[in-house]
Amino acid sequence: MEDTKYLLSIDGGGIRGIIPAIILAELEKRVTEELKKENPNADFRCADFFDILAGTSTGSILVSSLAVPGDNNRPKYSGSFMVDFFHQHGNDVFPNYSPFGYIDNLLKNVANVHKGAKLSNMTNSVVGVVKETSLKAETKIRSITDNESSVKVEKKGFVGTIMGFFSHNKEQNNEINDRVVDETDSKVEESASKIKTVDVKKSNTEDGTTSKTEIVNTEVTTTDVTMNKEEDDESLMEHLKELDDYLKTYDPFKPRYDGVGFEKLLSKYLYEFKLKDTVNGVNVFITSYNISNGERTFFTNLNSEHEDILLKDAIRASASAPTYFPAKNISNKYFVDGGVFMNNPTSRAYLEARKKYPNSKFIVISLGTGRYLKPLEKYHDAGIAQWASPLISVLMDSEQLNHHDTMKILAEFDGTKYYRIQPILEEKVNLASVSENDVKKLIDIGNKAISDTENKLDEIINLLVDKCKKINIK
């Protein structure tokens, strides 16, 4: 009888790991329900389905936890347990998540408060402050680089300076705004109580060149401007204060989190189990990057090199995202998040598994943590300041797609059945965003993935049922 190996691979993605956890919980539920028809005591878990479990970062948390042995050498944790794990312990891993999420609201307030002519005056002043602050920061960084002695970094920083700008120049801004209103009113013949602003709209031809300019007149009453301005100013100051409070406790020269809570959590649930201790003899494959030697590292029990590494240490090494957590020290070598070079470990895990089991057929199921598609045309002539954030997303997204395409080609060559489930995110969710609202969004996304027929969940479940019928588990 031909031997078939089942491989599960899970991408990195922080709190978004709740998406694949929901999919795994559904697989366990439906397979068990089907098998209960023949055996009322049936209770199957992921470590019964899969022979190889591969993961990067948050994926490593999932696959390692699913491989932990429990009573009677049965899998200790289920997919549904892991859904609750992410939901309940997100704040333990990412405590006091930064209020940078408020920046969107902050920018909206800036746009609302400083419209039209007022915006240009504010922009010129703020640009001056930014340049001055950047110069100071550059000077400090150079002094740190040039001198070995430690330099204390002021906590006031950019936001404090900007807040000072708004508070100390409030009277000056009001005078400028009043003058702009007066100048505009003098040009209006219809009514002294209204201000006419000009909105310039450019229409583009199909080749992207500007063809004409439309002038659209809109009316705003001075009463509305006066009433809304005080409220908007107050809201703006609140957001700036919130951001400033965070930056006073934030040291840009250290990771955002110390990892202590994360490691306590791993010790609580993974104990002192090593890679060689996995339940059912399941093979695990966990990615990380060795910054001491500049080498990619695969913590796996597919061979004996790392089989004595603790599961919790392998997770911590794989999930040490730079700027979020300090690198993990294992045997005097430092490791960071495997996502820096392989956020989707499917194709590499598959090749390593084929080396171990050269005569086996394979069924591969790869789970993503959500893909956010954002049009980037506006960056067509942008510089480093604009590309800094989207470039990281583009590189990581491209890397995942490359591994997906590679796995598809490999599967075609040797007849492997390959399934990739990667939900599309309607909006970006930060890997450390553990708010109830964002967690709820992720749960909804996971549930949609389950019901999406394009993901072929029914086909996957039938394959898993067939495998489990060959296993005698009481």
Side-chain angles (χ1 to χ4, degrees), residues 8-27 46 53-66 79-95 97-98 100-101 256-257 262 265-266 286-287 315-316 318-325 337-340 342-346 365-374 389-390 392-401 403-404 420-452 455:
L8 171 69
S9 176
I10 306 176
D11 294 4
I15 192 62
R16 298 198 306 269
I18 201 168
I19 296 174
I22 288 172
I23 295 171
L24 294 176
E26 181 70 7
L27 293 179
C46 288
L53 300 171
T56 292
S57 197
T58 195
S60 74
I61 298 175
L62 280 165
V63 300
S64 296
S65 299
L66 295 172
S80 59
F81 176 88
M82 295 310 297
V83 174
D84 292 336
F85 176 90
F86 278 99
H87 195 176
Q88 294 175 11
H89 296 295
N91 280 304
D92 295 325
V93 178
F94 303 110
Y97 176 60
S98 83
F100 278 130
R256 179 66 187 93
Y257 309 105
F262 188 14
L265 201 61
L266 295 177
I286 297 170
T287 68
I315 292 173
R316 185 62 179 76
S318 181
S320 296
T323 75
Y324 284 88
F325 296 104
D337 199 302
V340 302
M342 187 176 287
N343 205 53
N344 175 357
T346 310
I365 299 168
S366 176
L367 304 180
T369 57
R371 183 184 179 206
Y372 176 56
L373 300 176
K374 181 181 179 181
S389 176
I392 295 173
S393 298
V394 169
L395 293 175
M396 294 195 68
D397 189 51
S398 299
E399 180 271 335
Q400 293 184 59
L401 289 174
H403 284 285
H404 171 53
R420 172 71 170 169
I421 301 178
Q422 174 68 302
I424 300 299
L425 305 179
E426 294 182 359
E427 58 182 283
K428 188 175 182 179
V429 179
N430 189 284
L431 64 85
S433 185
V434 294
S435 69
E436 278 298 319
N437 185 46
D438 282 336
V439 169
K440 183 180 182 302
K441 290 178 185 176
L442 295 173
I443 292 174
D444 290 341
I445 292 167
N447 288 330
K448 287 180 181 177
I450 289 170
S451 59
D452 188 345
N455 290 329

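The model shown is predicted, which means the values in this text are computed figures rather than measured ones. FYI, side chains are in, hydrogens and waters are out, and symmetry mates aren't considered; it's all heavy atoms of this structure.
When atom types are taken as modelled, the side chain of N447 and the backbone of I443 share a donor-acceptor pair closer than 3.5 angstrom. For S64 (side chain) and I61 (main-chain N/O), no donor-acceptor pair under 3.5 Å exists by modelled atom type. Under a 3.5 Å cut-off, the side chain of D337 and the backbone N or O of S57 do not form any donor-acceptor pair. Checking side-chain atoms of T56 against main-chain N and O of M342 turns up a donor-acceptor pair under 3.5 Å.
The residues D444 and K440 are annotated as salt-bridged, a charged nitrogen and a carboxylate oxygen being separated by less than 4.0 angstrom.
To the nearest 0.5 Å, atom CZ of residue R371 and atom NE2 of residue H404 are 9.0 Å apart. The distance from atom CG of D438 to atom NZ of K428, rounded to the nearest 0.5 Å, is 12.5 Å. In this structure, the separation between CG on L367 and CG on L27 is 7.5 Å, given to the nearest 0.5 Å. Taking CZ from R420 and CG from L401, the interatomic distance works out to 8.0 Å, rounded to the nearest 0.5 Å. Interatomic distance, CD1 of I450 versus CD1 of I22, reported as 6.5 Å (0.5 Å rounding). Summarising the geometry, atom NE2 belonging to H89 is positioned 5.0 Å from atom CG belonging to L265; distances are rounded to the nearest 0.5 Å.
Across every non-hydrogen atom of G55 and V63, the tightest pair is N-CG2, 4.0 Å. Residue N344 comes nearest to S366 through the heavy atom pair OD1-OG, 3.9 Å, listed as atom of the first residue, atom of the second, then distance. I19 approaches G368 most closely through the heavy-atom pair CG2-O, 4.4 Å. Shortest non-hydrogen contact noted between F86 and A21 is CD1-CB, 4.5 Å. Here the closest non-hydrogen pair linking S9 and T346 is OG-OG1, 3.0 Å. H87 and V439 get closest at one heavy-atom pair: CD2-CG1, 3.6 Å.
Here the side chains of L8 and L62 are not in contact, with every heavy-atom distance at 4.5 Å or above. Inter-residue side-chain proximity for D11 and H403 is flagged as unmet; no heavy-atom pair is nearer than 4.5 Å. A 4.5 Å side-chain heavy-atom check between R316 and L266 finds at least one atom pair inside the cut-off. Between I421 and I23, some side-chain heavy-atom pair lies under the 4.5 Å cut-off. When side chains are defined from C-beta on, L66 counts as touching L24, because their heavy atoms get closer than 4.5 Å. Contact check for S60 versus T287: no side-chain heavy atoms found under the 4.5 Å cut-off.
By the 30° and 60° cut-offs, the orientation of the rings of F262 relative to F325 is tilted.
Checking S435 against N437 by side-chain atom types alone, no donor-acceptor pair falls below 3.5 Å.
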